[in-house]
K.L.:
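Would you mind keeping the following structure in view while I ask a few things?
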Amino acid sequence: LAKTTQPISMDSYEGQEVNITCSHNNIATNDYITWYQQFPSQGPRFIIQGYKTKVTNEVASLFIPADRKSSTLSLPRVSLSDTAVYYCLVGSYTGRRALTFGSGTRLQVQP
Amino acid sequence: DAGVIQSPRHEVTEMGQEVTLRCKPISGHDYLFWYRQTMMRGLELLIYFNNNVPIDDSGMPEDRFSAKMPNASFSTLKIQPSEPRDSAVYFCASKSEGQGTPYGYTFGSGTRLTVV
């Protein structure tokens, strides 16, 4: 299975930009990188997905370097409501590799 | 669309009893997944279906667990007999094959199971 490595936890303050990096050294050619957000007592929620370079949507940006061995989720100007666990998944379409969640990064945003 | 609907939201049962968790995927989605989440083991994929057919059940813990998808709009996860170590939040998720790039999938709100 594609192994991903993320920091266990991060702290930030409201209004700051937060960057969470995920390492995936054994990413395969067909693999995509997908990030999910999970609030307590809720299921994970899809945030963003990319293959290479940069992807941006209304919630976040995803930066993927040319070698694709890592990716960075960028959350601009976080608020208290961004306190959650963020997961990075790597895989193609719907194989087991794409469906395996790691431990995630617990982001705590302080006022 | 109402999203992925799971029932019940909470279930408390005694050890040895049969438990059935239910899931209604998003209409038109052709993949359905069952996950289990605990503090110790995180999110674990139990089984997933494509077009109502089980594709990968290698995550099902043991024979006490079974899952069915009799049609495109309904799936069940059954535990018989239940044990205290089965206590967890069980999530159902669904996904469309989509066109081109793979999409993320949509999770339900989960069923919190407590076996006493």
Side-chain angles (χ1 to χ4, degrees), chain A residues 1-6 8-9 22 27-55 57-60 62 64 68 71 73 84-106, chain B residues 3-7 9-10 21 23-26 29-51 53-60 88-114:
Chain A
L1 295 176
K3 179 175 171 57
T4 60
T5 303
Q6 304 175 231
I8 294 175
S9 63
C22 179
I27 189 169
T29 303
N30 294 333
D31 287 345
Y32 284 77
I33 300 154
T34 311
W35 285 80
Y36 287 82
Q37 173 191 55
Q38 186 179 25
F39 298 114
S41 301
Q42 295 186 26
R45 181 177 74 108
F46 172 84
I47 301 176
I48 197 166
Q49 184 177 77
Y51 183 80
K52 61 180 180 180
T53 63
K54 176 184 175 182
V55 179
N57 62 21
E58 65 277 6
V59 177
L62 179 59
I64 306 168
R68 305 203 322 124
S71 59
L73 175 73
V85 179
Y86 293 82
Y87 297 95
C88 161
L89 279 71
V90 171
S92 62
Y93 291 90
T94 316
R96 176 163 281 273
R97 293 173 74 244
L99 307 176
T100 300
F101 284 77
S103 302
T105 298
R106 187 173 300 276
Chain B
V4 176
I5 300 173
Q6 292 187 246
S7 65
R9 286 299 309 274
H10 302 274
L21 311 182
C23 176
K24 176 179 169 52
I26 291 175
H29 280 192
D30 40 22
Y31 284 91
L32 183 138
F33 312 85
W34 283 100
Y35 280 86
R36 175 173 70 175
Q37 186 171 35
T38 61
M39 289 293 292
M40 290 296 295
R41 301 175 67 89
L43 271 162
E44 302 174 276
L45 175 66
L46 300 178
I47 185 172
Y48 75 93
F49 296 83
N50 178 216
N51 292 324
V53 176
I55 302 300
D56 185 338
D57 66 354
S58 60
M60 295 286 264
V89 180
Y90 290 82
F91 289 106
C92 175
S94 71
K95 179 183 186 298
S96 171
E97 186 74 41
Q99 302 94 21
T101 61
Y103 297 125
Y105 40 112
T106 304
F107 280 79
S109 299
T111 294
R112 181 174 295 277
L113 173 65
T114 303

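Just so it is clear: chains get the letters A, B, ... in the order the sequence lines come, proteins before strands, and each one is counted from 1. Hydrogens, waters and symmetry mates are skipped; everything else that's a heavy atom, side chains included, is used.
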K.L.:
With a 4.5 angstrom heavy-atom cut-off, which part of A:Tyr51 approaches chain B: side chain, backbone, both or neither?
P.N.:
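Neither part, no heavy atoms under 4.5 Å.
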K.L.:
Apply side-chain hydrogen bond (donor to acceptor under 3.5 Å, both in side chains) to B:Arg36 and list each qualifying residue two or more places apart in sequence or on a separate chain.
P.N.:
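If we apply the side-chain hydrogen bond (donor to acceptor under 3.5 Å, both in side chains) test to B:Arg36, skipping adjacent residues, the hits are B:Glu44.
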K.L.:
Sort out for me which of A:Ser41, A:Ser103, A:Gly104, A:Pro44 touches chain B most, counting heavy-atom pairs under 4.5 Å.
P.N.:
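Option with the greatest count: A:Pro44.
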K.L.:
With a 4.5 angstrom heavy-atom cut-off, which part of B:Ser58 approaches chain A: side chain, backbone, both or neither?
P.N.:
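It is both, since atoms from each part get that close.
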K.L.:
Please report the shortest heavy-atom distance between B:Phe107 and A:Tyr36, naming the atom on each side.
P.N.:
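Closest approach of B:Phe107 to A:Tyr36: CE1-CE2, 4.4 Å.
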K.L.:
With sequence neighbours excluded, tell me which residues meet side-chain hydrogen bond (donor to acceptor under 3.5 Å, both in side chains) with A:Thr29.
P.N.:
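Residues passing side-chain hydrogen bond (donor to acceptor under 3.5 Å, both in side chains) with A:Thr29: none at all.
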K.L.:
Could you tell me which portion of B:Arg41 (side chain, backbone, both or neither) has an atom closer than 4.5 angstrom to a non-hydrogen atom of chain A?
P.N.:
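For B:Arg41, neither part sits under 4.5 Å from chain A.
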K.L.:
Taking all non-hydrogen atoms of both residues into account, name the closest pair between A:Gln42 and B:Phe91 and its distance.
P.N.:
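Nearest heavy atoms, A:Gln42 then B:Phe91: O-CZ, 3.5 Å.
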